[in-house]
Amino acid sequence: MLHSITPLLAVLASLAAVPFIILLKGRPNAREAVTFIAAGIKLILVASLLPAVLAGGEVEFTLAKVLPGAPLALRVDAFGLLFALVSSSLWIVTSAYSIGYMRGLDEHSQTRYFCFFAVALSATIGVAFSANLFTMYLFYEMLSLATYPLVTHHQDAEARSSGRKYLFYIMGASIALALPAMIITYQQTGTLAFSPTGILAGKVSPVMAGVLLFMFVFGFAKAGIIPVHSWLPAAMVAPTPVSALLHAVAVVKVGVFSILRIITGIYGVDLLKGLDLGMAVAWVAAFTIIVASLIALSQDGLKRRLAFSTIGQLSYIVLGLALLSPKGMTGGALHIAMHAFGKITLFMCAGAIFVATGKKNISQMTGIGKRMPWTMAAFLVGSLSVIGLPPTGGFISKWYLALGCLQAGSVALLVVLLVSSLLNAAYFLPIVYRAYFKPPVEAAWAEGRNEGPAAAWVPPLVTAACSLVLFFYPQPFLRLAQMAVAQLFGG
Amino acid sequence: MSEQYPALIVITPLLAALLVSAAGWLRPRLCFPLALAGLGAAAAAATGLLVQVLATGPVTYRLGGWEPPWGIAYYVDNLNAVVAALVAWVALFNLVASYRAVMTDYPEKIGPYYTLYVLAVTGMLGMVVTGDAFNLYVLLEITSLTGYALIGLGGGRAPLASLNYLFLGTIGASFYLLGVGYLYIVTGSLNMADLAKLLTPLYGSLALLAAFAITLVGLWMKMAFFPLHAWLPNAYGFAPAPTASLLAPLMTKVMVYVMIRIMISVFTVEFVLQEVLVGQLVVWLAVAAMVAGALFALGQRDLKRMLAYIVVAEVGYMVGGAWLGNRLGMTGAVLHLINDAVMTFCVFLAAGCIYQKTRGTSFEDLRGLFKKMPWTMAALAAGAMAIIGVPPTGGFFSKWYLIRGGLEAGHWGFVGALLFSSLINVVLFFRVFEIAFFEPSGGDDSHGGHGGHEEHGGAVALAEAPLSMLLPLMAAALGLIALGLATGPLVQKLILPIIPAGLG
Amino acid sequence: MIWQIDLAVLLLVVICAVGALAVKDLMGAAILFGAYSFLMCILWAVMGAVDVAFTEASVGAGVSTVFFVAAVFRTSRRTKD
Amino acid sequence: MQKPPTPQERYQAEAQVISGQIRPVKRFYAFLFVFPTLMALWVVLSGRFDAFHLILGVISCALVSFLSGDLLFPHAPHPRQTFRLWWRFPLYVPWLLYQIFLANLHLLYLTFHPRMLQLIDPHMVRFRSTLKSEMALLTFANSITLTPGTITVRVSPDGDFVVHAIDRFSGEALPGEMEKRVARTFGED
Amino acid sequence: MKALALAIVVLVGGLLVSATVDFPDWADPNSPASRHVSPRYIEKTMEETSVPNIVTAVLADYRGYDTMFETAVVFTAGVACFLLLRRREPRPGPSRVYRHRATGVIVEMNRVPDKEPSPDVFKRIDDDWTPHDLIVMNVCRLLIPFIQLFALYVIAHGHHSPGGGFQGGVILGASVILMALSWDLRTAMLRMKETATGLMSAMGVFIYAGVGALALALGGNFLDYAALSPLLRVDPVAARSLGIFFVEVGVGLAVMATMVLIYKNLASEGRLDQGL
Amino acid sequence: MNLVVIIILGLGLVFFAGGAVGILRFPDFYSRLHPAGKMDTLGSFLMLGALALYHLHPFTLDNVLVAIKIMLIVVFYFLASPTATHAIVDAGIRAGQSAWQKPKQGAGS
Amino acid sequence: MDKIFLYASLILCLIMVLSLYRALFGPSVLDRLIGVNAIGSKTTVLLVLVGLLFHRVDMFVDIALAYALLNFVAVLAAARYFQKRGGLGR
Amino acid sequence: MEEYIPLLLTKYNYWVYITLMMIGLWAMIAKNNLVKKIVGMNIFQTAIILFYVSIGAKYGGTIPIIQHGPGHGHGAAQIKALAYINPLPHVLMLTAIVVSVATLGVALALVIKIHRRHRTLEEDEILEQLRES
């Protein structure tokens with residue numbers, strides 16, 4: 001157990017950038033340089049924690065003792081680091097992409113955008129590094145609020161109603177369900193610290209434990225479990241970089257990560273197993289997977305289809321965790337990373353298409369492969385990753401998930417997994433097919449390559465490449481996931 | 001000098017008020033500096049007192065040098081000290097913020113305005129530190145009177161609202177006085193500590209119960225507890241902005257403090273818990289207050305009135321917490337008292353800033369404010385977060401303790417109402433933010449003054465409130481977060497020592 | 001303690017109070033309120049509270065009646081109840 | 001005997017008095033007369049003769065006679081007239097008391113008379129008095145109010161009286177002997 | 001509303017009546033109220049403060065702090081009335097001022113007539129305008145100095161007989177109000193200017209608080225008049241007595257000025273031109 | 001001595017009572033002022049005088065002063081009461097208070 | 001002698017009731033004023049009587065005097081009102 | 001019934017104070033005219049003063065001013081507490097009276113201000129005006 005201020009610095013790195021961003025509002029180049037610098041520092045700080053954690057240690061920092069048993073404290077363990085690594089590395093990519101996207105579309109209020117982006121990142125890392133439920137809740141709410149201005153960036157009627165929906169689900173669920181659940185937990189146990197063996201064991205009645213679990217699962221609505229999912233498609237009105245980072249990586253993953261923490265840190269595998277609650281959650285997740293995939297099939301808006309896809313993919317993670325088998329959990333944790341890289345690619349591609357052509361719907365994109373070959377190539381790789389086909393990272397996580405199903409002895413869930421993968425393929429591959437193999441609908445597209453600003457299409461290529469790389473070299477994510485799971489199962 | 005802190009805390013503002021009044025007749029220019037000096041000294045004394053109390057334990061101060069049951073005595077423990085410091089500092093910050101508003105709105109009446117302002121603070125500080133039941137009444141009246149005048153100064157409906165406040169406030173204060181009379185008739189004493197001793201053998205007496213009931217009803221009227229809240233929304237909604245941001249945060253809080261003081265120091269918790277069988281009923285009333293306050297607030301189309309109804313709900317939090325009958329609830333109530341003062345101050349001051357620029361606080365006036373007044377709106381957002389109960393602002397932690405108190409008492413209604421009212425608060429504030437964020441500022445209508453609203457890209461002329469208002473506002477917003485982070489020590493060092501052992 | 005006078009005056013006081021509130025004219029109410037204060041003053045004196053009686057005599061009988069009259073002078077006398 | 005002031009002069013003098021614009025010399029005269037009077041009153045009121053209270057008395061009387069002494073003597077006090085008043089006035093009072101007593105008996109009779117309404121006949125009486133100075137007019141007016149069934153309704157500075165009388169008998173007696181006595185008291189006969 | 005009022009009244013009344021049953025009998029010499037704190041006041045006042053009027057002693061010394069704030073309350077009311085009502089803008093609408101030649105009465109007309117009114121119109125106006133009432137004016141003129149002396153007497157003799165600063169102050173204020181009633185407000189204001197009233201009301205409270213603060217400065221507690229004894233060169237008991245006296249003077253001053261201030265503002269609706 | 005006091009006191013009470021009855025019985029506002037203004041003045045003069053007389057009994061300086069004080073009230077009363085009466089009647093006239101007219105022959109009331 | 005004073009006081013109270021009738025039911029406001037003024041004069045006497053009953057008349061005289069003074073002021077104010085505003089309406 | 005008679009006789013002051021207080025309270029709530037409400041308020045406050053003064057009353061006690069005692073502390077050899085009425089309620093009520101007159105002043109000022117704007121003192125008419133605007 002190490003005490004170090006590094007986790008705090010990692011959290012604050014992007015927050016500290018905010019004043020500079022505001023100060024430099026008149027000079028966009030300097031402003032975005034600050035963003036980059038902060039992102040770089042953040043990644044370095046997070047990465048610097050890697051050796052210690054890989055060595056089996058944990059890094060701790062207590063900020064303030066606000067509540068007895070639940071201080072404002074940060075602790076870096078393998079799960080957290082995995083998540084933080086994903087988010088902070090993707091921030092750099094997204095920042096670059098944002099610049100391309102925002103400048104390409106000449107969006108208004110860019111300063112505000114970058115500010116809240118930075119705040120949101122801080123909150124994400126905060127959630128990743130939280131040492132206890134309370135700290136996590138704090139950053140969770142901070143993230144909800146910081147993303148609101150991003151979601152409603154366009155400040156028009158549609159953004160308004162989406163923002164309303166977003167807040168209603170996210171804040172409503174967290175205040176009405178997660179907060180009381182947390183307080184009840186605290187009331188019963190006197191602590192909120194995550195512990196590998198759980199803190200609830202023996203403190204609550206089985207019924208109570210079940211109720212609490214569902215309060216948590218639905219309370220952290222960012223995880224997008226049906227029926228608290230509908231904010232996610234609505235939030236797609238946001239500028240694409242926001243959708244990309246926040247709704248493929250930060251926000252939704254924070255939701256899932258929170259559930260991960262609840263399952264591993266608060267309940268503990270043994271308690272859940274003993275009460276047989278894991279399977280219940282797993283089936284809820286399975287239901288979500290199938291339903292979301294089916295809905296995604298019927299969507300024409302590219303971003304909306306991606307959004308429903310995200311809902312389904314998130315539930316993979318929840319499913320993996322809920323299996324409570326070592327392989328399944330490893331898969332679930334790994335899927336956080338793998339899906340992030342895949343999905344962000346897809347979102348960025350969608351954004352790039354929008355920047356270059358102004359098209360949003362799939363039906364309008366027939367033949368776009370001629371126009372934007374690189375973008376669509378990245379899109380293909382991303383799709384493969386999300387579907388879970390080699391040679392992409394997505395395959396590895398899905399593999400582990402499948403193994404986990406077997407390990408948990410539930411063939412039915414395995415079937416669900418496979419069916420849903422088929423559905424994934426069914427809603428992604430036609431897009432690629434349409435883009436490359438159908439004649440362009442617009443005459444201008446036939447002229448040849450024109451991919452718009454480089455800042456918009458290079459980042460997806462980078463992340464797509466990452467997806468590919470992760471298939472061959474899934475370290476350090478795999479290692480971290482395995483370590484974390486090993487700790488859980490008393491390894 | 002340090003043994004004189006309790007006296008200084010009250011007499012410096014009193015003397016300052018008199019000097020301000022004199023200056024108002026002779027040299028109006030001097031009013032503000034004098035008031036600032038007086039309140040500054042009071043704030044310093046209050047802080048000194050807090051430090052002293054924390055270091056050496058409760059302080060007793062004998063006014064006129066007479067022994068307590070015969071003379072008037074101050075009794076200052078952690079609770080008083082912290083509330084006094086809170087009152088003094090909030091008042092000081094608000095004073096700074098009020099400078100421009102008073103200058104623009106009442107340039108001819110600076111002297112009387114600040115006189116009453118400082119007197120109101122004097123009264124509140126006195127109420128907080130006094131240990132004599134009757135002295136409290138006098139100070140209560142001084143605060144109320146200044147409050148009536150300061151509220152009645154506003155235009156439009158303000159005088160009527162103020163008169164209604166005066167009626168209900170007088171009934172409330174008189175009920176309190178009557179309750180003290182009942183205590184006096186059965187004991188013959190007025191000193192709180194002495195009363196607590198003398199009352200013990202009388203538990204079960206009908207007169208005592210009636211005294212308790214009347215006192216409480218009186219105080220509830222003054223603090224606008226739910227069925228008796230009718231005066232508050234209009235009074236605070238129509239009051240001049242600097243007045244609203246002085247009275248709304250402090251007046252109700254001080255009254256809640258008095259209620260807690262009466263409950264734990266005069267009647268003792270044993271009496272409250274065992275003899276008074278309506279504890280549950282009071283908590284249900286608090287539940288009703290929270291729900292009703294929230295729902296009424298939903299119906300408002302004016303920021304200040306909406307905030308006023310939120311104050312009604314907040315009073316419900318505190319009263320309910322205090323009456324839950326356990327340590328956690330009481331801790332939550334006291335903690336919320338502290339936090340609520342700061343957060344209400346923050347939001348009302350933000351409303352004042354908005355009024356200063358737009359000359360109105362109805363929802364139509366808020367359009368496009370995020371562009372025009374980003375800092376003010378940021379502070380308003382911080383205050384809103386605290387009221388909603390988002391960590392790490394202080395509001396979260398007090399709600400935390402309150403909910404825990406409710407859970408421990410098994411009072412699910414209370415917990416539910418707390419959560420419900422938080423949710424409504426989300427709705428309330430985001431409705432405001434939506435208007436300020438989405439709707440373009442009305443450049444075409446008369447009171448904008450800052451024309452040229454560009455839909456996208458362009459910069460709308462910044463029309464931020466003056467710095468003298470903005471700095472206190474920022475201080476309040478940061479104070480909210482600081483309070484949240486300091487919750488641990490606050491509870492451990494300040495609040496827990498004063499929670500009587502009798503509470504379960 | 002002169003309870004006989006006390007009782008008699010108490011009776012008058014209650015009558016006066018009701019009267020002051022029932023009168024359909026604000027000047028009448030102000031004047032009757034003055035009478036109410038006179039009687040209160042006697043009451044305090046009878047109960048031996050000389051200082052209170054003195055204060056009531058100067059405040060209730062004098063100044064507050066004048067205030068009432070002044071206020072009614074500046075507003076209106078009309079009342080519906 | 002100097003010429004009596006015209007009403008306008010009189011009013012202006014009063015306005016001066018009330019606004020404190022009276023000349024210092026007059027103030028000083030007033031002070032000389034007022035202070036002893038007030039001091040006598042103080043002694044009666046106080047009933048304490050220790051130094052502390054006497055000093056307080058001196059201070060209070062000085063204060064009052066300085067601040068409001070000019071109210072008592074709006075016109076420069078004429079010593080001779082004032083002294084004359086001092087011994088004439090006490091002679092007038094017993095007579096007045098006697099008259100008041102009679103008047104009240106008459107009223108009492110009216111009040112308890114079963115057929116009172118037929119006895120009384122309220123009406124207004126107007127007459128012009130020959131009295132000049134204001135104090136005389138005032139004394140006369142108040143005496144009228146106190147005595148037989150008559151109430152002074154209005155007095156003009158010129159001496160025009162409007163009097164309300166309860167019955168014929170009371171009304172006819174005016175101005176009558178009383179005016180003469182008042183005139184004698186104030187040296188205006 | 002009436003039904004609600006009745007319900008509330010019955011409810012509260014019932015509560016109070018039921019509680020009264022537990023009270024000691026009226027005027028019972030052995031009631032707790034008469035046994036606990038008050039005996040000390042009665043028995044010790046004389047030796048501790050040498051003030052025979054126990055009420056004064058308790059008011060200004062034992063519970064002097066209450067009284068200080070009581071004075072402050074009065075002061076507050078004065079300032080509040082000023083704040084709420086005082087207006088400096090002139091009366092709305094055109095107006096014209098006429099002087100009646102016979103009596104010098106000034107008439108202010110709000111609606112300007114088209115042509116100059118004839119002298120007998122003045123006469124009529126004079127008749128139903130501010131009456132030049134010889135009797136009232138002169139009687140008040142005679143009475144005012146005596147009333148003022150009486151007021152000062154009441155203030156000064158608060159130690160030995162009922163009375164004290166508050167009562168005396170009110171009577172003093174009443175004398176000024178009487179002045180304003182018998183003449184008119186404007187002339188009375190010449191004698192007692194608005195600024196003077198405002199300053200005096202503040203000064204009265206200041207004297208009170210200042211005496212207390214002086215005691216504090218001399219090493220005693222706030223309002224501990226005994227601490228003034230070195231300054232006054234008397235023994236502590238006499239110092240208390242004197243302290244009470246000073247305080248009473250302050251109270252009287254504040255109350256007087258405040259009553260006048262309130263009256264002026266109420267009677268003229270804050271314009272300070274025409275009163276009752 | 002006491003007897004004298006009692007007699008004067010009784011007389012004063014009679015006048016007071018007369019005043020009160022007069023106020024009740026007289027037909028209009030103006031005539032009511034007569035008993036109110038005069039009889040009360042005399043009544044209080046008599047009663048206060050009696051009380052002052054009674055208080056002279058142990059003939060000490062203090063008592064004499066108190067008796068003078070009581071008589072001061074009377075003096076004040078003699079000055080104030082007619083003035084007040086006058087002010088009220090003047091007010092009545094200016095306010096246009098209607099007066100009771102003696103009915104012509106034959107008409108009762 | 002105390003008995004006499006007591007009875008005198010009670011009779012005064014009775015007389016006050018009579019005056020109060022006029023104050024309560026006086027057809028016009030000025031009638032009420034007369035009634036109240038009459039009560040005032042009785043109160044002065046009653047105060048002195050109470051003082052005698054307490055054997056502390058020196059303490060009560062001041063009150064009676066102050067009382068008479070301020071009653072005068074109040075009545076004058078009310079009269080002033082009617083002089084300026086008239087007796088009917090408004 | 002029998003047992004209530006002494007209750008009635010020994011505590012009539014308290015009954016009257018409650019009566020007065022309820023009259024005042026009723027007026028404050030139910031009356032429509034603002035000045036009437038203020039009158040009610042004053043009656044209400046006076047009722048409380050009556051209550052307090054009644055607490056202080058004492059059979060066989062004289063007024064709380066010590067007799068024969070101008071001498072500084074020596075004149076009064078033995079002062080019996082029973083001989084004097086309890087002075088404390090009087091002190092408190094002096095303050096209360098002052099407070100009530102101060103409140104009265106402010107209330108009337110507010111009434112004038114309201115009248116200035118609405119030209120009426122009837123609460124329902126004022127509310128009507130406000131509803132229209």
Side-chain angles (χ1 to χ4, degrees), chain D residues 6-21 30 34-35 37-39 41-48 52-53 55-57 59-61 63-74 133-135 137-142 144-145 152-160, chain E residues 52 99-106 126-127 131-161 163 168 172 175-176 178-180 182-193 234 238 241-242 245 248-249 252:
Chain D
T6 67
Q8 191 169 353
E9 281 166 6
R10 208 179 272 162
Y11 185 85
Q12 277 165 356
E14 260 161 27
Q16 274 180 355
V17 167
I18 205 74
S19 59
Q21 290 165 346
V34 172
F35 185 79
T37 323
L38 290 181
M39 199 61 213
L41 182 68
W42 175 275
V43 168
V44 170
L45 285 174
S46 165
R48 289 181 186 277
F52 180 68
H53 286 95
I55 292 171
L56 280 181
I59 295 172
S60 309
C61 292
L63 206 66
V64 172
S65 40
F66 181 72
L67 290 176
S68 326
D70 45 348
L71 287 175
L72 275 183
F73 295 96
S133 79
E134 271 188 16
M135 286 312 292
L137 283 173
L138 173 68
T139 315
F140 184 42
N142 272 358
I144 288 175
T145 309
T152 316
V153 174
R154 211 168 290 169
V155 192
S156 85
D158 310 332
D160 283 327
Chain E
R99 178 188 290 274
H100 180 226
R101 275 181 226 115
T103 56
V105 169
I106 294 164
D126 180 34
D127 272 349
H132 174 75
D133 197 328
L134 185 139
I135 300 177
V136 172
M137 266 177 156
N138 281 303
V139 168
C140 292
R141 185 172 62 85
L142 291 179
L143 280 179
I144 285 167
F146 295 104
I147 294 178
Q148 284 174 345
L149 186 73
F150 177 65
L152 290 178
Y153 153 77
V154 169
I155 296 179
H157 287 243
H159 287 32
H160 301 278
S161 58
L172 210 52
S175 78
V176 180
L178 189 60
M179 211 186 278
S182 58
W183 275 272
D184 54 34
L185 194 59
R186 248 188 284 217
T187 20
M189 289 264 303
L190 291 175
R191 210 159 244 275
M192 195 163 199
K193 305 238 177 2
V234 285
S241 174
L242 271 177
F245 173 72
E248 295 271 13
V249 171

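Note that this is a predicted model, so its numbers are computed, not measured. Letters A, B, ... mirror the listed sequences (proteins, then strands); counts begin at 1.
For chain D, the nearby part of Phe245(E) is the side chain; its heavy atoms alone come within less than 4.5 Å. For Val139(E), the parts lying under 4.5 angstrom from a heavy atom of chain D are both the backbone and the side chain. Leu242(E) touches chain D through its side chain: at least one heavy atom from C-beta onward sits under 4.5 Å away, while N, CA, C and O do not.
Contact check for Phe146(E) versus Thr37(D): side-chain heavy atoms found under the 4.5 Å cut-off. Leu142(E) is listed as a side-chain neighbour of Leu138(D), based on a closest heavy-atom distance under 4.5 Å.
A tilted orientation is assigned to the rings of His157(E) and His53(D), their planes being inclined by 30° to 60°.
Of the listed residues (Ser46(D), Ala141(D), Cys61(D)), the greatest number of heavy-atom pairs within a distance under 4.5 Å of chain E belongs to Ser46(D).
Residues Trp42(D) and Leu152(E) share a closest heavy-atom pair of CZ3-C, 4.2 Å. Between Leu38(D) and Pro145(E) the shortest heavy-atom distance is CD2-O, 4.4 Å.
Note that OG1 of Thr145(D) and CD1 of Ile135(E) are 5.5 Å apart. Values are rounded to the nearest 0.5 Å.
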